[in-house]
Trainee: 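There's a structure below that I have some questions on.
We number each residue from 1, following the sequence as shown.
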Amino acid sequence: MSRTSDVGLVFARAVTVSDVVSALTEAGWSLEEPLGLSYVVNDDGMFDWQATVVDRADEVLSLLDAPDNRAFDVAICVYHPQAGTGGQLLFPGPFSVLLPPDDRPAKPSWSAKAY
């Protein structure tokens, strides 16, 4: 049985692809899928996924985190070998500017709006 889920998160500070991948790696996730490493920089609206070898993971993460790519959607695939499953992590661009909700006092650790 297969399940699909989309989760949208808003952070109080910039979170890079490398930050997320590092946290997931500690929990047993990997960038190595059965077919290698897959990623995309959606700089032309075509979502043209690229595949490469896992040995280039640091290079790919640098590309996805590059300031020149912050205006674009970027994504990378992750895989959990023990579970035999994986998924795509989409980081929509441009990075959000966080504002406090209109009806509550400003708190630096959360936000209800992203623009």
Trainee: In Å and rounded to the nearest 0.5 Å, what is the OG to CZ distance from Ser62 to Arg56?
Mentor: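 Nearest 0.5 Å value for the OG-CZ distance: 11.0 Å.
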
Trainee: Which residues pass the side chain to side chain donor-acceptor pair (under 3.5 Å) test with Asp55, sequence neighbours left out?
Mentor: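 Counting only residues at least two positions away or on another chain, Asp55 forms no side chain to side chain donor-acceptor pair (under 3.5 Å).
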
Trainee: Can a donor-acceptor pair be found, under 3.5 Å and without considering hydrogens, that links the side chain of Asp65 to the backbone of Ser18?
Mentor: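 It does hold such a pair.
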
Trainee: Restricting to side chain to side chain contact (heavy atoms under 4.5 Å, CB included), what partner residues turn up for Asp44, sequence neighbours left out?
Mentor: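 For Asp44 the side chain to side chain contact (heavy atoms under 4.5 Å, CB included) partners, ignoring immediate neighbours, are Asn42, Met46.
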
Trainee: Give me each pair satisfying ring-ring contact (aromatic ring centres under 6.0 Å, His included) with a member in residues 28-63, each pair once, sequence neighbours excluded.
Mentor: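 Qualifying pairs: Trp29-His80.
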
Trainee: Mind listing the closest non-hydrogen atom pair of Pro81 and Gly28 along with its distance?
Mentor: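 In this case the closest contact between Pro81 and Gly28 is CD-O, 3.6 Å.
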
Trainee: Can a donor-acceptor pair be found, under 3.5 Å and without considering hydrogens, that links the side chain of Asn69 to the backbone of Leu63?
Mentor: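 A pair under 3.5 Å: yes.
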
Trainee: Sequence neighbours left out, what passes salt bridge (charged side-chain N to carboxylate O under 4.0 Å, His left out) with Glu26? Give chain and number order.
Mentor: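 With neighbours one apart ignored, the set is empty.
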
Trainee: Could you tell me which non-hydrogen atom of Ala57 sits nearest to which non-hydrogen atom of Leu31, and how far apart they are?
Mentor: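 Reported closest heavy-atom pair: CB-CD1, 4.0 Å.
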
Trainee: When clusters are formed by joining ILVMFWY residues with side-chain heavy atoms under 4.5 Å apart, either directly or through shared neighbours, do Val40 and Leu61 land in the same one?
Mentor: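 No.
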
Trainee: Give the minimum heavy-atom separation between Val20 and Phe91, together with the two atoms involved.
Mentor: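 That would be CG2-CE2, 3.7 Å.
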
Trainee: Just how far is it from atom CG of Leu64 to atom CZ of Arg70, taken to the nearest 0.5 Å?
Mentor: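 One finds 12.5 Å between CG of Leu64 and CZ of Arg70.
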
Trainee: Can you name the residues that form a side chain to side chain donor-acceptor pair (under 3.5 Å) with Gln88, not counting sequence neighbours?
Mentor: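 Partners of Gln88 by the side chain to side chain donor-acceptor pair (under 3.5 Å) criterion come out as none, since no residue qualifies.
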
Trainee: If you round to the nearest 0.5 Å, how far is CD of Gln50 from CG of Leu37?
Mentor: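 Answer for the CG-CD pair, Leu37 versus Gln50, is 11.0 Å.
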
Trainee: Test of understanding: with side chain to side chain donor-acceptor pair (under 3.5 Å), list the residues that count as partners of Thr85, not counting sequence neighbours.
Mentor: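 Applying side chain to side chain donor-acceptor pair (under 3.5 Å) to Thr85 gives none.
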
Trainee: Members other than Tyr79 in its cluster, when Ile, Leu, Val, Met, Phe, Trp, Tyr link by side-chain heavy atoms under 4.5 Å?
Mentor: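 For Tyr79, no cluster forms, as it stays isolated from other hydrophobic side chains.
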
Trainee: So Asp19 and Thr16, side chain to side chain donor-acceptor pair (under 3.5 Å) or not? Walk me through it.
Mentor: CA-CA 5 Å; Asp19 292 335; Thr16 65; 3.1 Å; yes

Trainee: Is it possible for you to say whether Leu90 and Ile76 belong to one hydrophobic cluster, with membership spreading through side-chain heavy-atom contacts below 4.5 Å?
Mentor: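 Cluster IDs for Leu90 and Ile76 differ.
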
Trainee: What verdict does the side-chain contact (heavy atoms from CB on, under 4.5 Å) test give for Leu24 and Leu89, after you've listed the backbone C-alpha separation in whole Å, the side-chain angles of each residue and the deciding distance to 0.1 Å?
Mentor: CA-CA 11 Å; Leu24 290 173; Leu89 298 176; 3.5 Å; yes

Trainee: Residues in side chain to side chain donor-acceptor pair (under 3.5 Å) with Ser38, at least two apart?
Mentor: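 Side chain to side chain donor-acceptor pair (under 3.5 Å) list for Ser38, sorted by chain: Glu33.
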
